[in-house]
Amino acid sequence: MNIEETKNHLQGLNPRQIQAVEHFDGPLLIIAGAGTGKTRVITHRIAYLIENLGVLPRNVLALTFTNKAAGEMRDRVIGLIGEHARGILMSTFHSFCNYILRREIGRLGDFTDGYTIYDESDCRSCMKDILKSSGLQASGPFAPARVLELISRAKNFESKPSESLRPSDPLVDYIDNLFDKYEERLKENNALDFDNLMIKTVHLFEHHREVIERYRRRFAFVLVDEFQDTNRVQYRLLTQLAPPDGNVTVVGDMDQSIYGWRGADVGNIVSFESDFKNVTVVPLEQNYRSKQRILDTANELILKNNNIHEKRLWSELGEGEPVNFFLAWDEHDEAQFVTRKTDALLSEGYLLNDVAVLFRTRAQSRVIEEHFMRAAVPYVFIGATEFYKRKEIKDIIAYLRVLHNPRDFVSFARIANEPRRGIGDKSVEKIEAEARRVGSLFDLPDREKELSKDFPKKAFPILKLLKSLASRAGGMSISAFVDAVVRETGYYDALAKEELQEGVSRTENVDEFISLAAEYERGTGKPELEGFLSHLALVSDADVTDTGEDRVRVMTLHSAKGLEFPVVFIMGFEEGLLPHASSQSESEIEEERRLCYVGITRAREHLYVSASRSRMMHGSVGRNDVSRFFFEAGQHHFKVLKQAYGEPAPGESFLDEDESGAAESAAWRGKRGNDVDEFEGCEPDYIEEGDIVLHKAFGRGTVLSMDGGEICVSFPGRGPVRLSAKFAPLRKV
DNA sequence: AAGACGCCGATTTTT
DNA sequence: TCGGCGTCTT
């Protein structure tokens, strides 16, 4: 703890960042705008606490949302203070809860350690089952996914699911009951879903003072990343871990809150300031990522949200060029624009890796992927979590789960007849009922005569085999065990037989899974099946953005959060897509606006925003207006490109880079109607679709279509207006 | 138990 | 329009 080290951990930080790093006692709220060096501040703060203030690594807990964020944080802290950073617990909320519950869940009475963690598809199977046995048709308003979403909402908002439904909804009379049944079923299966991992931990802490006291002492320093994404339950967990005057640091940016629909509650930022005592607030506004004009655009857009704290990002990276805007004829034209522009950038010296293509919905990826493929532009879609969703992988995991938790009937149903052994749905039901009666699958008698006569006899071999495998689990390595499972159950053979018709990849996947197990063993101190299963459920490979290869990244705006690229394309900048048509309320629109903000602030140097006049949606051609966000962000921030590639021809751009200021004030004059004369020489013949025009009363707008004598212009905040081309007081800008 | 057919639905998805 | 899923058929 000498001066040199002090210097190290504060070096290269701006005054605000230093304030955040040096803060010692009491709650700290860091409001970290996009690209303001948030991770840097957190990691330096952790390093500073440990090396300069003498805090013990084991007393520090850092919570994140993604494994990727946790991993990055760990790597960077290790880079700062070396290996003793390993003593710090840096994990996701869910992994942290799993860490606690594996030790303490027995105290709750309802579950035993060895519980299974259900992912979304497990929960869906479970709910489908419940719906079926309740005599409800599992589709339409009763779609398992819908029911589960409502249940999840209720759990995260600590309310009843029926409360978020309209009284006329067909589900309303059933949902609360389905909720109870679902929870009951999870309990019977000794399984927890992701929500319950959090909720049970909070319950545990609430009802067992001695436990929470222990962990409070242990984790005297708590840090939370992406605080704007926490839900109510996670917030409660935080208040349990840290007393009101505790050493708790939260870092967040409400402008980047894009998971409200999943229960994230920005209100937690407000609550934090009131629930904790003497909160120090440190805002970070200096951006180290983007050129100023990109930030100006983002700043102006987010101003339209009704925020308590106004924030203005600024950078010293230079002005840069305006945001480019391209209005395409249709989605193919738009994709071609992106493809050609990408090509042009490559010949300018950019790498494929420098480029990201973002859009609102996954469905939009298809067109751009087609065009990239045709043009031989190497790309990768980020967000497809292929491997773990493969049938054969899920099957093997189901085997492992049953072997570890013989009450996991969701997994048992999956593998009972996989490979085929003549055990149909009816048989599975009977086995399950009987197993529930006696306790678990392993408590079923081995001998036929001890069971009722209609118990499916075909089940004996597999039940016996499962019991035998389970008894041997502890005696060998995980990878050897997985190998034994796929061989002895006949799974591997069945796949091998299939190979001839199906192709080669499925056994390869199984082999890869086995080496994955081996890799887990190598990387873990005391490898056990339980830990491996937790790892599979919580640390799956969802967030691989680094493919190691040079490729354009194609992804949704949501997946882009936390990333940055020298060149960013945002496609489908249209009403109905961004904001999405299903976002109606003001708060939903605000979230869409934040999503747009997140997209814009991903760009370091160049940002290309595009919209299309027409696009195929749900099987028919639709026309969308240019997004309101285009107008809200300030049209003067954009340079409108008229061609799919290259720069606009002289005079074609409605705004020359150098004249933006002048053009802006002209626009404002026009809007206020002071400059009447400017409209005198309206020559509709010169106006074409896509032009930016100035209207005497409405101000600037974009020409959407020209139809005979009628011209349709989209004005900011007003939407499309039909005007007479002849008489409308319009002037091309 | 696998293939054909018809129907429904269609935002985003850290764990 | 398209694809995933459930049901019906063989």
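Order of the sequence lines fixes the chain letters, A, B, ..., with proteins taken first and strands second; residue numbering starts at 1 for each chain. What you see is a predicted model, and the numbers here were worked out from it, not measured in a lab.
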Ion pair present between A/R262 and A/D229, side-chain N to carboxylate O less than 4.0 angstrom?
-> no
Please work out if A/Y259 contacts a base, only the sugar-phosphate, or nothing of the nucleic acid, heavy-atom cut-off 4.0 Å.
base
Is a salt bridge present between A/K561 and A/D253, judged by a nitrogen-to-oxygen distance below 4.0 Å? no
When rounded to whole Å, the CD to P distance for the pair A/E226 and B/dT15 reads 12 Å
To the nearest angstrom, the CG-P distance between A/L148 and B/dT15 comes to 19 Å
Problem - Lys/Arg N to Asp/Glu carboxylate O, A/E632 vs A/R593, below 4.0 Å - result: yes
Bounded by its outermost nucleotides with an atom under 4.0 Å from a heavy atom of chain A, the footprint on DNA chain C reads C/dT1 to C/dG6
Taken to the nearest whole Å, CD1/A/I570 to P/B/dT12 is 17 Å
For A/R615, which contact category applies under a 4.0 Å heavy-atom criterion: base, sugar-phosphate, or nothing? nothing
Practice item. Output yes when at least one side-chain N/O atom of A/T64 is less than 4.0 Å from OP1 or OP2 of B/dT14, else no. Key: no
In whole angstroms, the gap separating P of B/dT15 from CH2 of A/W261 amounts to 12 Å
A/R594 CZ to B/dT12 C1', in whole Å, measures 13 Å
Ring pair (Phe, Tyr, Trp, His ring centres under 6.0 Å) filter on A/F219, not counting sequence neighbours, yields A/F96
OP1, OP2 of B/dT15 versus side-chain N and O of A/N67: anything below 4.0 Å?
-> yes
Residue set satisfying salt bridge (charged side-chain N to carboxylate O under 4.0 Å, His left out) with A/K391, at least two apart, ordered chain then number -> A/D395, A/E418
Here the distance between atom P of B/dT13 and atom CZ of A/R262, to the nearest Å, is 10 Å
From CG of A/L563 across to C1' of B/dT14 the rounded distance in Å is 12 Å
So side-chain hydrogen bond (donor to acceptor under 3.5 Å, both in side chains) across residues 197-206 of chain A, not counting sequence neighbours, yields A/E206-A/R236
Whole-Å distance, A/I589 CD1 to B/dT12 P, equals 17 Å
For nucleotides 8-11 of chain B, print each protein N/O atom paired with a nucleotide N/O atom at under 3.5 Å, atom names and distance only.
unit_1, atom_1, unit_2, atom_2, d
B/dT11, O4', A/H580, NE2, 3.3
B/dT11, O2, A/R360, NH1, 2.9
B/dT11, O2, A/R360, NH2, 2.4
B/dT11, N3, A/S582, OG, 3.3

Give each protein N/O atom lying under 3.5 Å from an N/O atom of nucleotides 1-3 of chain B, with the pair distance.
unit_1, atom_1, unit_2, atom_2, d
B/dA2, OP1, A/R420, NH1, 3.2
B/dA2, OP2, A/R420, NH1, 2.7

Contacts of A/E72 meeting salt bridge (charged side-chain N to carboxylate O under 4.0 Å, His left out) (sequence neighbours excluded), chain-then-number -> none
Applied to residues 189-199 of chain A, the salt bridge (Lys or Arg N to Asp or Glu O under 4.0 Å) test, sequence neighbours excluded, yields A/K155-A/D193
Contacts satisfying salt bridge (Lys or Arg N to Asp or Glu O under 4.0 Å) that involve residues 573-589 of chain A (not counting sequence neighbours) are A/E574-A/R615, A/E575-A/R628
A/Y399 meets the ring pair (Phe, Tyr, Trp, His ring centres under 6.0 Å) criterion, sequence neighbours left out, with none
Would you measure the distance from the P atom in C/dC2 across to the matching atom in B/dT13 and give it in whole Å?
22 Å
Discussion item. I'd like the C1' distance from C/dC5 over to B/dT12, given in whole Å.
Written reply: 22 Å
Sorted by chain and number, sequence neighbours left out, salt bridge (charged side-chain N to carboxylate O under 4.0 Å, His left out) with A/D255 holds for A/K311
Sorted by position of nearest nucleotide on DNA chain B, 5' first, the leading residue of A/I258 and A/F65 is A/I258
Those residues at least two apart in sequence (or on a different chain) that pass salt bridge (charged side-chain N to carboxylate O under 4.0 Å, His left out) with A/R103 are none
